[in-house]
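Residue numbers begin at 1 in each chain, while the letters A, B, ... track the order of the sequences. Keep in mind it's a predicted model, so treat the numbers as computed, not measured.
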Number of protein chains: 2
Amino acid sequence: MPPRRQANRNSESVDNYLKAILSLGGVEHRRVTSTALAGHLGVAPASVTNMLQKLASAPTPMVEYERHRGVQLSADGKRRALEIVRHHRLIETFLYEVLDYPIEEVHEEAERLEHFISERFEERIAAKLGHPRIDPHGHSIPTMEGEMTEPNSVPLTEVLQGGTFVIDSVSDRDAHTLRELKASGIRPGAQLRVRKNTPAEGYSVSIGRSSRAVGLSREAAGDIRLVPSTK
Amino acid sequence: MPPRRQANRNSESVDNYLKAILSLGGVEHRRVTSTALAGHLGVAPASVTNMLQKLASAPTPMVEYERHRGVQLSADGKRRALEIVRHHRLIETFLYEVLDYPIEEVHEEAERLEHFISERFEERIAAKLGHPRIDPHGHSIPTMEGEMTEPNSVPLTEVLQGGTFVIDSVSDRDAHTLRELKASGIRPGAQLRVRKNTPAEGYSVSIGRSSRAVGLSREAAGDIRLVPSTK
DNA sequence: CCTAATAATTAGGTATACCTAAATCAAGGA
DNA sequence: TCCTTGATTTAGGTATACCTAATTATTAGG
């Protein structure tokens, strides 16, 4: 007698691979390398190869994979990845708006819960929040149908001449950095003037009408995205 | 070089064993047999033996286990089990009160999420709910310190003479049964008169002032707990 | 007190998702 | 074109948490 097959429960690990491929490949489906994935996920490259082979040869393949040529999400994989991103950003918004979390703590909690909430939970928190389209970091929340608008903002590190901008989004990754950004008033919607921005001399900005300069590390600066101020 | 040890993440599976031991052994720490656990958890008895050995010989043992003599929770195991029960019942209350879930759907969602929420999440939903002591099914919610008051109610099946009672709690297990109970008005706090209660002739009650009888299966009846009406 | 039935454990296997070390492939520079 | 280098894959192993089948304990009936 064959061992009884267990219910096809979505795996947290698989979810994380799909999210990583979406994040590295963008919605334009650029091919993503094993090494890039390994770095992003914090696992060995060999583990990535293994997983990609499984994902590609599953009954409903989640990726298109060719040896030595990287991966892309399949339609099914993209759907699942966007669902997880939607979960993540809705949960972050919910923690921030309804449960009064400090912004730097929402990411870690969402990162765990995003894999386990039901359709009903997703729908209920979305309704409670009035179907938000942007999360507390300024990131766009995919719709239930899996549509996500790409930002037309640019990273602070790629702004070539100084000027006045509005902050579109900040990174959610590192709680420590986020605490510092918060302390400097750097948050989505705030107005920001770029003073200096070269890898060599560093990144320096000021916020709102303040004349005080805020220095930023390369990493922090790269995760701040700006749109030109229309004012 | 030894493989790098991974962070000691609580295992969902271990949580479920501890909860099951608490549930079957009660807070009086009755010894629980492998077979009982296997039945409750839906796994093979051999799997239970295996897990119990691991739990008993872990760096911080979660159970006291002797071959062929059943298990009891250790102090650490009891603490963790009560924490999970607290999570479960707080989440149920939250889904019911804040997210307007139908009562028969809260259990399944809580069953998944209870393993993954942080201390902060626990604390925030407890605060939002005003530190509730009873969940929507009428079950007592353990405190943050791991105190849980035992019910002084009795199962409907053990009520020997008819009379008027107040419903203390109903089961959370089976959504289908719960939907039927809800349709009959059987919910915690409701007044109930026992009309007939014998395994042979079946269980029959009426609710509030209604003269209409409601028939109950043995299983449904066993999960309804009553206290004598003081009125 | 012995033994049959039942409960529990041991032995040996599966699948998942990692790992390291050893091969192999691909792509650019000489 | 060839070869070196870095990227990638293959091979072989670990830990978790299940499983079945075979074995061993316990306990209750005769």
Of the options [options], whose atoms approach the side-chain atoms of [X] most closely?
X       : options                : answer
B/Ala46 : C/dA17, C/dC25, C/dA11 : C/dA11
B/His68 : D/dA25, C/dC19, D/dC19 : D/dA25
B/Tyr65 : C/dC18, C/dT9, D/dA17  : C/dT9
A/Pro45 : D/dT10, C/dT10, D/dT9  : D/dT9
B/Ala44 : D/dT20, D/dA17, D/dC18 : D/dT20

Under the side-chain contact (heavy atoms from CB on, under 4.5 Å) rule, what do B/Leu55 and B/Val71 come out as? Steps first, then yes or no, please. CA-CA 10 Å; B/Leu55 291 179; B/Val71 264; over 6 Å; no
Using a cut-off of less than 4.0 Å, is there contact between a side-chain N or O of [X] and OP1 or OP2 of [N]?
X       : N      : result
B/Arg67 : C/dT10 : yes
A/Ser11 : C/dT16 : no
A/Tyr17 : C/dC18 : yes
A/Ser47 : C/dA17 : no
A/Thr49 : D/dT9  : yes

Before accepting this row, confirm whether a basic side-chain N of the pair B/Glu83/B/Arg80 lies closer than 4.0 Å to the acidic partner's carboxylate O. yes
How many whole angstroms separate atom CZ of B/Arg69 from atom P of C/dT6? 22 Å
When you look at B/Ser74 and B/Glu64, which way does the side-chain contact (heavy atoms from CB on, under 4.5 Å) test go after all the steps? CA-CA 6 Å; B/Ser74 69; B/Glu64 278 146 40; 4.1 Å; yes
Counting any heavy atom closer than 4.0 Å, what does A/Ser34 reach on the DNA or RNA strands: base, sugar-phosphate only, or nothing? sugar-phosphate
Classify A/Ser13 by what it touches in the nucleic acid, base, sugar-phosphate, or nothing, heavy-atom distance under 4.0 Å. sugar-phosphate
Step by step, would you call B/Leu18 with B/Val63 a side-chain contact (heavy atoms from CB on, under 4.5 Å)? CA-CA 8 Å; B/Leu18 298 179; B/Val63 300; 4.2 Å; yes
